[in-house]
Amino acid sequence: MGDRSSACSILHVDMDAFYASVATRDRPDLQDVPVIVGGGHRGVVLSANYLARQYGVRSAMPNTRARRLCPQAVVVPPDYDLFGQVSSSVMENFRRVTPLVEVLSMDEAFLDVRGSVRRLGTPLQIAEQLRATVHDEQGVTCSVGVASSVSVAKLASRRAKPDGVVVVPPEEVTSFLHPLDVGELYGVGEKTQAMLHRLGLITVGDVAHTPLRTLQRAVGEGLGAHLHALAWGTDRRAIVARNVSAFGGGDPDKSMGAQETFGRDTDDREVILREMLRLTAKVTSRMRVAGVAGRTVAITVRFADFTTITRSRTLPEATDVTQEIYRTATGLYDALGLQRARLRLVGVRVEGLVPRGTVHRQLVLGERERGWSDADRAVDRVTLRFGSAAVRPASLLS
DNA sequence: TCTGGGGTCCTAGGACCC
DNA sequence: TCTGGGGTCCTAGGACCC
């Protein structure tokens, strides 16, 4: 095998229509009908099976539009517990192949199989074994891209879909990459794609042959350098064995937040603040489980016309105390001075998370004396700044 | 009946400090 | 007087990914 196969040892495994596949796995009645996972009255499509996709249904599409495109589709609500279980089992299958598994999300992972070829065969053979195992044991299919770098492997798996494998040997990297639309590149979304197209950069090859400086002037220093590297397939990022933090064992979160779209737009301050309290409690509860505290409190407000703003404030000390965060959030909200603006969504997020152990105990644990006096001082600050009305919602707590 | 929810990273300006 | 140049922190917005 030698150089050629070991140079091509990165696998990107991507489950096919994961949520939809899992949701219909044990439902013979749903095998041959279009299926949409999502539903919910103001929501979007989370996943659609390939039958539904034939009607133009796509992930992230508003449910309303999806239903118009495919009225006969069966809509299934998501069962995240089940998705998580299947995902964990699949990732376990991967780890039997190699310990170098980098989980990207519930349905995606990179594997470096360089150390497994002697035991298991060529990367292509490993990919096929993996696909067979996942299918037999989990009853869902996946697609695999094989290449010498993570970015090319990821693009190859997309090309392999559904239920296939694509290998891109090193000598074919540029002929594989350059005909693709720039929008295929990781980090190029709708906006950047449109901007690049306006500049006449349609394909990855166009980007590759644009001077780095020109590219950076157009899309910014960081993204420009990133795109240039991707366009030549020269990124050498190594795979880091890790899980996503939702499953434990991943990198620590840098922020935690919660947001919710109202069933109906509202301008009712009581309703809005009650929702913010609920979201704050949800976040601090997760923070306590993770053992973290944070210094910066940010709120998100989305108006009926979908314009969205954020406001944030950094506290002197990290905290995980619901009252403190809620009080800061309401202070930020009231400082907006909204009159009768109708809101579609509110959100609360805590940033700058650090392990709770590194913070002064008194502030974090909400112990009676220091905790309450801190709370009092926070009330004083908010009152001083925004007037007593800003503090009143705290009474919702009692 | 348009447009979720969880995140990360980048940019840019102003404050502030040395 | 003609005006430095980092570096870091904070805030706001925006783009992107799954």
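Every chain is numbered from 1 and lettered A, B, ... according to where its sequence line falls, protein lines coming before strand lines.
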Report the distance from atom [atom1] of [X] to atom [atom2] of [N], rounded to the nearest whole Å.
X: A:Y19; N: B:dG6; atom1: OH; atom2: P; result: 12 Å
X: A:R264; N: B:dC2; atom1: CZ; atom2: P; result: 12 Å
X: A:E317; N: C:dC9; atom1: CD; atom2: P; result: 15 Å
X: A:E108; N: B:dG6; atom1: CD; atom2: C1'; result: 15 Å
X: A:Y80; N: B:dG6; atom1: OH; atom2: C1'; result: 9 Å
X: A:D16; N: C:dC18; atom1: CG; atom2: C1'; result: 16 Å
X: A:R302; N: B:dG4; atom1: CZ; atom2: P; result: 6 Å
X: A:D265; N: B:dT1; atom1: CG; atom2: C1'; result: 12 Å

Check A:K154 with A:D14, please: is the shortest side-chain N to carboxylate O separation under 4.0 Å?
no
Under the 3.5 Å Watson-Crick or G-U criterion, the dot-bracket string of DNA chain C, with | for inter-strand pairs:
....||||||||||||||
How many angstroms lie between atom OG1 of A:T203 and atom NE2 of A:H178, to the nearest 0.5 angstrom?
8.0 Å
What pairs of nitrogen or oxygen atoms, one from the protein and one from nucleotides 10-12 of chain B, lie under 3.5 Å apart?
residue, atom, partner, partner atom, Å
B:dT11, OP1, A:G222, N, 3.0

Expected output: side-chain [X] to main-chain [Y] donor-acceptor under 3.5 Å:
X: A:R295; Y: A:L315; answer: yes
X: A:T307; Y: A:F303; answer: no
X: A:K161; Y: A:M15; answer: yes
X: A:D79; Y: A:L82; answer: yes
X: A:R25; Y: A:V140; answer: no
X: A:H228; Y: A:P211; answer: no
X: A:T284; Y: A:T280; answer: yes
X: A:E108; Y: A:S105; answer: no
X: A:T308; Y: A:F306; answer: yes

Can you classify the ring geometry of A:H12 versus A:F110 as parallel (below 30°), tilted (30 to 60°) or perpendicular (above 60°)?
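Taking A:F110 first and then A:H12, their aromatic rings sit tilted (interplane angle of 30° to 60°).
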Scan side-chain atoms only and decide if [X] and [Y] contain a donor-acceptor pair under the 3.5 Å cut-off.
X: A:T328; Y: A:R313; answer: no
X: A:S143; Y: A:D16; answer: yes
X: A:S312; Y: A:T296; answer: no

Would you classify [X] as touching base, sugar-phosphate or nothing, given that sugar-phosphate means primed atoms plus P, OP1 and OP2, and contacts are heavy atoms under 4.0 Å?
X: A:R295; value: sugar-phosphate
X: A:A298; value: nothing
X: A:G257; value: sugar-phosphate

Name every residue in [range] that has at least one heavy atom under 4.0 Å from any atom of DNA chain B, in order of residue number, or write none if there are no such residues.
range: residues 181-195 of chain A; result: none
range: residues 60-76 of chain A; result: A:A60, A:P62, A:T64
range: residues 41-49 of chain A; result: A:R42, A:G43, A:V44, A:L46

Find which nucleotide of DNA chain B each of A:D253 and A:E260 is nearest to by heavy atoms, and output the residue with the more 5' nucleotide.
A:E260
Tell me which of A:L345 and A:K254 sits closer to the 5' end of DNA chain B, going by the nucleotide each one is nearest to.
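Of the two residues, A:L345 wins.
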List for me each residue that meets side-chain contact (heavy atoms from CB on, under 4.5 Å) alongside A:A156, sequence neighbours excluded, and say none if there are none.
A:V166, A:V168, A:F176
If the condition is side-chain contact (heavy atoms from CB on, under 4.5 Å), which residues does A:T310 pass it with, not counting sequence neighbours?
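A:T300.
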Would you say [N] has OP1 or OP2 under 4.0 Å from some side-chain N or O of [X]?
X: A:K282; N: B:dG6; result: yes
X: A:R344; N: B:dG4; result: yes
X: A:T314; N: C:dC9; result: no

Side-chain polar contacts of residues 186-194 of chain A - donor-acceptor pairs under 3.5 angstrom, sequence neighbours left out - could you list them?
residue, atom, partner, partner atom, Å
A:Q193, NE2, A:D181, OD1, 2.7

Is there a residue in residues 139-157 of chain A whose heavy atoms reach under 4.0 Å of DNA chain C, and which residues are they?
A:K154
Among pairs that include at least one residue of residues 44-62 of chain A, which meet side-chain hydrogen bond (donor to acceptor under 3.5 Å, both in side chains), considering only residues two or more places apart or in two chains?
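Sorted pair list: A:Y55-A:Q72.
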Show every donor-acceptor pair shorter than 3.5 Å between a side-chain atom in residues 95-103 of chain A and any protein atom, with sequence neighbours excluded, or say none if there are none.
residue, atom, partner, partner atom, Å
A:R95, NH1, A:E92, OE2, 3.0
A:R96, NH2, A:N93, OD1, 2.7
A:R96, NH2, A:E137, OE1, 3.4
A:T98, OG1, A:L100, N, 3.0
A:T98, OG1, A:D112, O, 3.0
A:E102, OE1, A:R237, NH1, 3.3
A:E102, OE1, A:V240, N, 2.7
A:E102, OE2, A:R237, NH1, 3.1
A:E102, OE2, A:R237, NH2, 3.3

Look for any protein N or O under 3.5 Å of an N or O in nucleotides 13-16 of chain B and output each such pair with its distance, or none.
none

Dump the intermediate steps for side chain to side chain contact (heavy atoms under 4.5 Å, CB included) on A:V86 and A:F18, then the final yes or no.
CA-CA 10 Å; A:V86 176; A:F18 182 59; 4.0 Å; yes
Looking only at atom P, what distance separates B:dT3 and C:dC17, rounded to whole Å?
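Straight-line distance between the two P atoms is 22 Å.
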Give me the distance, rounded to whole Å, that separates B:dG14 from C:dG4 when you measure between the P atoms they each carry.
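One P to the other, the span is 16 Å.
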Looking at every non-hydrogen atom in both residues, tell me the closest pair between A:V165 and A:A127 and how far apart they are.
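The pair with the smallest heavy-atom distance is CG1-CB, 4.2 Å.
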